[in-house]
Amino acid sequence: MAEKVEVGAKMARSYEVEPIPPYSLRATFTGTEPAFPSVFDGRCLWRVVRASSGTLIPLRVEQVGPPDDPLLLVEVLPSSPPASEADVEEALRALCRFLCTGDDLSSAYAKMAADQALRPILPYVRGMMPWTAFTPVEGLINAIVFQQISLRVAFSIMERFVKGLGEAIRVRGRILYAFPSLDAIMRAGQDGLRMLGLSRNKASYILGIAEALEEGQLDLEALSRLPAGRAIGELTALRGVGRWTAELFLATGLKRWEVVPADDLGVRRAFSSIYGLEEPSGEAIRALCSRWGRDAWPIAYSMLVWAERRERLLKLVGRGARILRVGGPAGT
DNA sequence: AGCCAGGCTCTCG
DNA sequence: CGAGAGCATGGC
């Protein structure tokens, strides 16, 4: 321990990461924010990583190259205790997984280009990586918090949850938060969680999951090795986890991209408007996605973002000017 | 004001 | 079994 004190105490260390192009941090996070405590300020992504040693490691990431020749500058900000080499390596690995720097979307793009309805979307989503949770645990808790309520509300509750239970770190004149530990969540208990805006049900779901994780009855990483169907089965056995939650978790928490939360309201809206389907069922969407294999979630996510963005645009235009209608379902 | 929002569980018939 | 109520907060 002692010899590491002077190494990282004051000086920030920085690293370079070369993502697989095309890659755009800005396209990935503007309009589609990461869940708190990951923060994107328009230029940099800020995040505190909890290493398995327990050390909290604050990171700052900035993209310096263009999407087709991308380079990420990662700064390991000073912390106390200072991060060891092993801590830093672990933090960088987690960061790259989160940022999808090693994920090649070229086959997803090829499939979109070959699809009449998706080809026009492609230029708008190139370089945007699928929304991802920083860790599996975070992904599962996010998915539970996101149930039913609007994204706006869900994000604000996540922020209260993290600020209420996660460690705060002051760095570069900013306050960053670590995602709450399982201990902190369990200490908060039912009442503590409810105070943060969670419903009775969601508070108890999250407590149940935290306990199962702590006692080793639940191993989220182990689900990575199961076929998707079996993983969904294991997950839905948990109280508070239905099919939607299990699928969203697999796609965003474990990056099982052959899985799409097909019953999701936003996904259904996207498939409806882009393919001109009327109230498509989850099964209809699954059928369409199944031919995309592991590109299913990146493609569905692209559709989701584009449809949402277009909706917002139409709403905006609708207020002032005349609408020039382009494509979409023949709605009356 | 009241309803809906990126669901799930519990209850009841 | 299928249908319905209740739930947290924020926006419209």
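Labels below follow one simple rule: chain letters A, B, ... track the order of the sequence lines, proteins then strands, and each chain is numbered from 1. Keep in mind the model is a prediction, meaning the values are calculated, not measured.
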For this session: Could you tell me whether Arg93(A) and Glu90(A) make a salt bridge, using a distance below 4.0 angstrom between a side-chain N and a carboxylate O?
Result: no
For this session: Look at Glu279(A) together with Arg269(A) and state whether they make a salt bridge at an N to O cut-off of under 4.0 Å.
Result: no
Problem set entry | Spacing of Met195(A) atom CE relative to dA8(C) atom P, expressed in whole Å | 14 Å
For this session: Nearest whole angstrom, please: distance from the P of dA8(C) to the CZ of Phe161(A).
Result: 16 Å
Seminar exercise, completed: Assert: residue with more 5' nearest nucleotide on DNA chain B, out of Leu238(A) and Ile149(A), is Ile149(A)
Problem set entry | Identity of whatever pairs with dA1(B) - Watson-Crick or G-U, under 3.5 angstrom | none
Exercise. Looking only at side-chain N and O atoms, does Arg152(A) come under 4.0 Å of OP1 or OP2 in dG10(C)?
Worked result: no
Problem set entry | P spacing across the pair dT9(B) / dG10(C), given as an integer number of angstrom | 25 Å
Exercise. Over how many whole Å does the gap from Arg243(A) atom CZ to dT9(B) atom P extend?
Worked result: 14 Å
Problem set entry | Close aromatic pair by centroid cut-off 6.0 Å: Phe155(A) and Phe146(A) | yes
Exercise. When rounded to the nearest Å, what value does the distance between C1' atoms of dA5(C) and dC3(B) take?
Worked result: 15 Å
Exercise. Between Arg47(A) and Phe134(A), is NZ or CZ placed under 6.0 angstrom from the six-membered ring centre and within 45° of the ring axis?
Worked result: yes
Exercise. Would you call Asp191(A)-Arg200(A) a salt bridge at under 4.0 Å N-O?
Worked result: no
Problem set entry | Atom pair distance, as rounded to whole Å: CD1 in Ile206(A) and C1' in dT9(B) | 15 Å
Exercise. Below 4.0 angstrom from OP1 or OP2 of dA8(C), is there any side-chain N or O of Arg194(A)?
Worked result: yes
For this session: Nearest whole angstrom, please: distance from the P of dG6(B) to the CG of Leu140(A).
Result: 20 Å
Exercise. Contact class for Glu308(A) (heavy atom, under 4.0 Å): base, sugar-phosphate, or nothing?
Worked result: base
Exercise. Side-chain N or O of Arg239(A) less than 4.0 angstrom from OP1 or OP2 on dC10(B)?
Worked result: yes
Problem set entry | Value in whole Å for how far the C1' atom of dG11(C) lies from CZ of Arg312(A) | 14 Å
Exercise. For dG7(B), does either OP1 or OP2 sit under 4.0 Å from a side-chain N or O belonging to Gln148(A)?
Worked result: yes
Exercise. Closest to the Ser156(A) side chain: dT9(C), dG6(B), dA8(C)?
Worked result: dT9(C)
For this session: Please state how far atom CG in Leu151(A) lies from atom C1' in dG7(B), giving the value in whole angstrom units.
Result: 13 Å
Exercise. Which listed nucleotide (dG6(B), dC8(B), dG10(C)) is nearest to the side chain of Asp264(A)?
Worked result: dG6(B)
Exercise. If you check the Ile157(A) side chain, which of dG7(B), dG6(C), dT9(C) turns out closest?
Worked result: dT9(C)
For this session: Among the candidates dC7(C), dT9(B), dG6(B), find the nucleotide nearest to the side-chain atoms of Ser199(A).
Result: dC7(C)
For this session: Among dT9(B), dG6(B), dA8(C), find the nucleotide with the atom closest to the side chain of Tyr205(A).
Result: dT9(B)
Exercise. Any ion pair linking Glu247(A) and Arg286(A) (charged N to carboxylate O, less than 4.0 Å)?
Worked result: yes
Problem set entry | Selected nucleotide, minimal atom distance to Gln147(A) side chain, candidates dA5(B), dG10(C), dG7(B) | dG7(B)
Problem set entry | Rounded distance in Å between the C1' positions of dC4(B) and dG6(C) | 15 Å
Problem set entry | Atom pair distance, as rounded to whole Å: CE in Met158(A) and C1' in dG6(B) | 15 Å
Problem set entry | Sugar-phosphate, base or nothing in reach of Leu248(A), heavy atoms under 4.0 Å | nothing
